[in-house]
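To keep things clear, I will list the structure first and then write my remarks on it.
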Amino acid sequence: MRWLTSNAGLRIISLLLAMFTWLFVKGITSDSRTIDGVSLEVRTKPGLAVLQTNASTVSVVVRGTREDVRQVSRQDLSAVVDLTRTNRLGLITVKLTPRSVRHSRRVQVSEIDPPEITVNLDEMITRELQVQPQFAGELPTGLAIERVITKPEAVNVEGPKMLLNRMSSIATLPIDVTGRRTSFRERVELTPLQIPEGLAQRQWVEVDVRIGTAASVDTVPGRGVEQKP
């Protein structure tokens, strides 16, 4: 039995134990399951925003014991893409790996689908835009909008640089003048920017609409009016 205490014998015993351990661990973690609809979060540095991604959720394959795999749910998982160190703008392709998924220690992540996503990043800026009232409906015969005053006349709007640089004004939601016979004042919301809901701001202005006889004005409701001081 001298060989058991020799270096060679110890190496053989260690190798056999390692093999048996590996086979044992593989045996108890051989079950797998695909979990769909796992949330995907994209993190950016301050001042940048995600305008669009080609996927909002991912599918994840988890491995573990039969019991652990059975009990894990999508609430126990989340995929995170960290772009807090990039200054790139526009379309960016990011690879996803099992390391992108936060998961319970009871299971392992072996696959993620899709294996990559495309992210559209832009810089967030603030720009002053003129307020443009918009109208809907028809006034009674013989009446027309005489003057419109908005307070404020211009607002600061926060949004993607690429979008705001193309805008000089921002419209209100349509103001219904159907059946109106007298001047009125109304608090009106501005038309939201066509950007992801989490980035959009809701803003309101006060609109003072003065109604007069059609003979004294030539402005047609629904086509916009001249904004006078």
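The model shown is predicted, which means the values in this text are computed figures rather than measured ones.
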For this session: Ignoring hydrogens and angles, state whether a donor on the side chain of Gln75 or Ser73 is under 3.5 Å from an acceptor on the partner side chain.
Result: yes
Exercise. Does any non-hydrogen side-chain atom of Ile117 lie less than 4.5 Å from one of Thr93?
Worked result: no
Problem set entry | Inter-residue atom distance Ile170.CD1 - Leu190.CG, 0.5 Å rounding | 5.0 Å
Problem set entry | Pair Asp208 + Arg185, salt bridge at N-O below 4.0 Å | yes
Problem set entry | Beyond-backbone contact of Val58 with Leu96, side-chain heavy atoms, under 4.5 angstrom | yes
For this session: Check whether the side chains of Thr126 and Asn156 place a donor and an acceptor atom closer than 3.5 Å, and report yes or no.
Result: no
Exercise. Is Arg187 paired with Glu206 through a side-chain N to carboxylate O contact shorter than 4.0 Å?
Worked result: no
Exercise. Are side-chain heavy atoms of Ile35 and Arg33 found at a separation under 4.5 Å?
Worked result: yes
For this session: Give a yes or no on whether a salt bridge exists between Glu41 and Arg43, defined as a side-chain N under 4.0 angstrom from a carboxylate O.
Result: yes
Seminar exercise, completed: CZ (Arg106) and CG (Asp76) are apart, to the nearest 0.5 Å, by 6.5 Å
Problem set entry | Check: Thr191 and Thr172 side chains under 4.5 Å, non-hydrogen atoms | no
Exercise. Any side-chain heavy-atom pair from Ile211 and Leu143 closer than 4.5 angstrom?
Worked result: yes
For this session: Using a 4.5 Å cut-off on heavy atoms from C-beta on, say whether the side chain of Leu40 contacts that of Val38.
Result: no
Exercise. Any Lys/Arg nitrogen of Glu186 or Arg180 sitting under 4.0 Å from an Asp/Glu carboxylate oxygen of the other?
Worked result: yes
Seminar exercise, completed: From the list Thr34, Asp113, Asp36, side-chain hydrogen bond (donor to acceptor under 3.5 Å, both in side chains) with Ser59 holds only for Asp36
Exercise. Going by heavy atoms in the side chains, are Ile92 and Asn120 under 4.5 Å from each other?
Worked result: no
Problem set entry | Distance in Å, Asn87 CG paired with Leu121 CG, rounded so as to fall on 0.5 Å steps | 10.0 Å
For this session: Return yes if some donor-acceptor pair links the side-chain N/O of Ser100 with the main-chain N/O of Thr97 below 3.5 Å, else return no.
Result: yes
